[in-house]
Amino acid sequence: MEILADLHTHTIASGHAYSTLSENAASAAKKGIKLLGMTDHGPSMPGAPNLYYFGNYSIIPQKLFGVQILAGVEANITSHEGELDIPLRYLVNMDIVLVGLHVICYPGGNSEQNTQAYLKAMSNPYVDIMVHPGRPEFEMDLEKIAYTSAQLGVPIEINNSSLNPEKEGAWSNCQYFARCAAMYGGPIVLGSDAHFWDRVGKLELACELAGESGIKEEQILNCSPERILAYLELRRKNRGLA
Ligand SMILES: [Zn+2]
Ligand SMILES: [Zn+2]
């Protein structure tokens, strides 16, 4: 399976990542990646950029080293109600909006509360992709998440960084989620979550997990740049109807 789009990467602006957008894009070009999501952390993460950063995206070129850039965010869920740490007026101008749960930005909760927060964020029409549901820090009903994703048509990410062997407990959670996703047939995205340029486009573990769990290639939106761009365009069109 060839993945030509990496939609989840961080630059030095995230505060705990170590490469620039240019370095990430050059690395993507070398690896044959055609579409690169620049998705720095939302402002409630310590060290993350302030809102001015997200408001100035119009200066970023559409292509760098031949790689199309999607300037976006990995927004944080900040409450059990699925609220995000970026106001709507910024979200509307972004090319791509990823959303996930992160320890410092979210009050924590039991499985029911975490699942509710995640599903409420998923139903937000300004959210494009939900990331790393298999992280063991947050217990969630992963089957319900896979089911709802298929119902709403909102993709869930299988996050390559979560699958690194040092992240204990993540593989089995992600595997369970992936099997549920294979069963319900919802859309999936594979993301590197690179915090350094050499990790851009690194998706081997996510590919392996998707394959062994029975996720079909047709489910994986970032197999082709056209497929993901068509999804994002449709998502933006449907906002007006929501
Ligand atoms: Zn994250
Ligand atoms: Zn990330």
Side-chain angles (χ1 to χ4, degrees), residues 3 5-21 23-25 27-28 33 35-49 53-54 57 69-79 82-86 91 94-109 114-115 117-118 121-122 124 127-140 142 145 149 154-164 166-171 173-174 177 188-203 205-206 209 222 228:
I3 304 293
D6 186 356
L7 304 171
H8 186 170
T9 67
H10 296 273
T11 74
I12 197 160
S14 276
H16 59 274
Y18 308 94
S19 303
T20 63
L21 172 61
E23 288 165 337
N24 284 348
S27 175
I33 297 284
L35 193 60
L36 179 71
M38 180 186 84
T39 52
D40 284 310
H41 287 286
S44 64
M45 170 97 44
Y53 175 85
F54 297 104
Y57 275 175
I69 307 296
L70 297 178
V73 64
E74 181 184 8
N76 297 293
I77 298 175
T78 58
S79 73
E83 289 164 291
L84 305 180
D85 62 348
I86 301 218
L91 293 181
M94 290 198 191
D95 296 330
I96 187 163
V97 177
L98 314 184
V99 169
L101 286 168
H102 298 94
V103 170
I104 300 174
C105 315
Y106 172 74
N114 298 340
T115 306
Y118 201 83
M122 198 195 295
N124 181 335
V127 171
D128 298 313
I129 296 168
M130 298 299 296
V131 298
H132 51 62
R135 293 261 171 99
E137 302 93 287
F138 302 104
E139 204 188 316
M140 289 199 279
L142 294 172
I145 287 167
S149 151
V154 176
I156 309 281
E157 177 198 56
I158 296 180
N159 180 288
N160 200 77
S161 292
S162 300
L163 298 170
N164 282 330
E166 71 263 22
K167 295 221 161 124
E168 240 172 86
W171 184 279
N173 273 0
C174 294
F177 167 75
I188 290 290
V189 154
L190 311 181
S192 73
D193 202 359
H195 286 63
F196 193 68
W197 63 262
D198 71 339
R199 295 186 175 215
V200 171
K202 240 183 143 358
L203 295 160
L205 296 171
L209 183 70
N222 57 323
I228 191 75

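Note that this is a predicted model, so its numbers are computed, not measured. Just follow the structure's listing: the first ligand is 1, and inside any ligand the first atom is 1.
- For the 3.5 Å distance criterion, the side chains of His132 and Glu137 fail to qualify, holding no donor opposite an acceptor.
- Listed by chain and number, the protein atoms of type N/O/S under 2.8 Å from the Zn ion (ligand 1) are Glu74 OE2, His102 NE2, His132 NE2; waters are omitted.
- In Glu23, the CD atom is crowded: over 12 heavy atoms of neighbouring residues, nucleotides or ligands sit closer than 6.0 Å.
- Checked options Leu36, Thr39, Val131, Ile129; the residue passing with Leu7 is Ile129 (criterion: side-chain contact (heavy atoms from CB on, under 4.5 Å)).
- Nearest N, O or S atom of His10 to the Zn ion (ligand 2): atom NE2.
- Using modelled atom types, one finds no donor on one side chain facing an acceptor on the other under 3.5 Å when comparing Ser161 with Asp193.
- Asp95 pairs by the side chain to side chain contact (heavy atoms under 4.5 Å, CB included) definition with Leu70, Ala71, not counting sequence neighbours.
- Counting only N and O atoms by type, the side chains of Arg199 and Ser192 include no donor and acceptor under 3.5 Å apart.
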